[in-house]
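Each remark here refers to the structure printed beneath this line.
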Amino acid sequence: MLEAICKHWEGPISLALYLSDAEAQQFLRYAQGSEVLLSRRNVGYHIVYKEGQFYPVNLLRNVAMRHVSTPYMFLSDIDFLPMYGLYESLRKSIVQLDMANTKKALIIPAFETLRYRLSFPKSKAELLSMLDMGTLFTFRYHVWTKGHAPTNFAKWRTATTPYRVEWEADFEPYVVVRRNCAEYDRRFVGFGWNKVAHIMELDAQEYEFTVLPNAYMIHMPHAPSFDITKFRSNKQYRICLKTLKEEFQQDMSRRYGFTALKYLTAENNS
């Protein structure tokens, strides 16, 4: 995915990698043998060495965030390809939406394909026709619509200007924020709630969520992770995650007071 991402995104990249000693050596050989990566001077590789049985996804995100050297950052995952030209498009949006003087999180609508060989859409019009043909879907359409429902894909189809959306329970969009935004909560390891908790915190800090009408990213297919398999098959894993969620929400109530009450009621209703 790394070479593909580099071909789609010419801007700086801060990449956290979770590797054993042997994998780190293997990665080094790969990077030194890759024309695509060798041609870049703006990709930072931050290796976190493997320890313990769980994938520390939010620790990795924080490591990548701490090494960002630009005033704004686009928080993405390795299994997504940004649309061609997204970097320049975001630079313009940041200025147009006055992000330097306002507290905004810009949402890049997320889609997915189930095909390993995808002819990547070059425009929004092309993406919409692929959506209508069933080559693309809105992200997690089949398994977890709540995660991206507030993005309002029906509105996005015809939108030509950015529009504001409100936080809802389980919302986990991919966003562009200022470099100094809140870090991810390290308690969430493996699968579940790792991005949801972060977006909830941004909402508690009164960030405005603004959807960009001409931006998109596409999730590429891959085998299920070890952690999602565990989540689906292991009741104990799900109980632990529920306990962590409750602990996090109590912390939110302590930190943000009355504002955070809506997260408890949203959770009870969902």
Side-chain angles (χ1 to χ4, degrees), residues 1-50 55-96 99 106-113 115-127 130 135-136 139 174-181 184 195 212 214-223 225:
M1 280 300 289
L2 186 52
E3 287 185 341
I5 289 169
C6 285
K7 287 173 185 172
H8 281 245
W9 175 272
E10 66 278 17
I13 298 172
S14 177
L15 175 72
L17 296 147
Y18 191 53
L19 306 171
S20 65
D21 282 28
E23 286 165 343
Q25 292 305 316
Q26 195 181 351
F27 177 76
L28 194 58
R29 285 195 297 275
Y30 160 73
Q32 288 170 340
S34 160
E35 279 181 34
V36 175
L37 302 186
L38 284 174
S39 68
R40 296 292 287 257
R41 291 287 175 270
N42 60 354
V43 180
Y45 307 104
H46 316 295
I47 295 175
V48 176
Y49 285 97
K50 281 186 175 174
Y55 184 71
V57 60
N58 279 355
L59 166 67
L60 296 179
R61 288 183 172 130
N62 290 344
V63 166
M65 277 167 67
R66 283 173 204 158
H67 290 90
V68 164
S69 57
T70 51
Y72 304 95
M73 53 191 181
F74 167 33
L75 305 173
S76 186
D77 285 337
I78 197 72
D79 46 10
F80 274 90
L81 285 181
M83 72 173 200
Y84 291 109
L86 183 61
Y87 176 63
E88 280 307 323
S89 169
L90 291 179
R91 283 165 64 96
K92 287 177 186 149
S93 297
I94 283 164
V95 175
Q96 286 162 357
M99 276 186 77
L106 308 185
I107 294 172
I108 287 77
F111 298 86
E112 69 178 3
T113 178
R115 301 182 178 192
Y116 280 85
R117 295 177 73 90
L118 175 77
S119 171
F120 201 92
K122 303 280 195 299
S123 65
K124 178 175 177 175
E126 208 176 304
L127 178 134
M130 290 169 84
T135 316
L136 288 178
F139 186 49
Y174 289 92
V175 295
V176 173
V177 284
R178 283 189 225 157
R179 181 174 63 184
N180 64 355
C181 94
Y184 289 84
K195 284 198 305 295
L212 298 178
N214 294 306
Y216 55 88
M217 58 198 293
I218 300 178
H219 178 267
M220 307 309 281
H222 55 81
S225 68

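In this text the structure is predicted, and so the values were computed from the model without any measurement.
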Pairing residues for [X] by the salt bridge (Lys or Arg N to Asp or Glu O under 4.0 Å) criterion, not counting sequence neighbours:
| X | value |
| --- | --- |
| Lys7 | none |
| Glu10 | none |
| Arg40 | none |

Side chains of [X] and [Y], heavy atoms from C-beta outward: is any pair under 4.5 Å?
| X | Y | result |
| --- | --- | --- |
| Leu127 | Ile218 | yes |
| Tyr72 | Leu106 | no |
| Leu59 | Tyr18 | no |
| Leu2 | Phe27 | yes |

Next item on the list: Sequence neighbours left out, what pairs pass side-chain hydrogen bond (donor to acceptor under 3.5 Å, both in side chains) with at least one residue falling in residues 29-39?
Entry: Glu3-Ser34
Checklist line | Sole residue of Phe111, Tyr216, Trp9 in side chain to side chain contact (heavy atoms under 4.5 Å, CB included) with Met83 | finding: Tyr216
Going by the rule side-chain hydrogen bond (donor to acceptor under 3.5 Å, both in side chains), which residues pair with [X] if we only count those two or more places apart in sequence or in a different chain?
| X | result |
| --- | --- |
| Tyr49 | none |
| His46 | Ser14 |
| Lys124 | none |

Spacing of [atom1] belonging to [X] relative to [atom2] belonging to [Y], to within rounding of 0.5 Å:
| X | Y | atom1 | atom2 | answer |
| --- | --- | --- | --- | --- |
| Leu212 | Ile94 | CG | CD1 | 9.0 Å |
| Asn180 | Met73 | CG | CE | 8.0 Å |
| Ile108 | Tyr174 | CD1 | OH | 11.5 Å |

In chain order, what residues pass the side-chain contact (heavy atoms from CB on, under 4.5 Å) check against [X], with sequence neighbours excluded?
| X | answer |
| --- | --- |
| Glu126 | Pro121, Lys122, Ser123 |
| Pro71 | none |
| Ala4 | Leu81 |
| Ile78 | Met1, Ile5, Leu15 |

Notebook entry, point to check: So among Phe74, Phe120, Phe80, which one has a ring pair (Phe, Tyr, Trp, His ring centres under 6.0 Å) with His8?
Noted result: Phe120
Note to self: Considering only residues two or more places apart or on different chains, which pairs with a residue in residues 56-72 satisfy salt bridge (Lys or Arg N to Asp or Glu O under 4.0 Å)?
What the structure shows: Arg61-Asp77, Arg66-Glu183
Check: Which heavy atom of Glu23 sits nearest a heavy atom of Leu19, and at what distance?
Finding: OE1-CA, 3.4 Å
Next item on the list: Apply side-chain contact (heavy atoms from CB on, under 4.5 Å) to the pair Leu75 and Val177, showing each step before the final yes or no.
Entry: CA-CA 8 Å; Leu75 305 173; Val177 284; 3.9 Å; yes
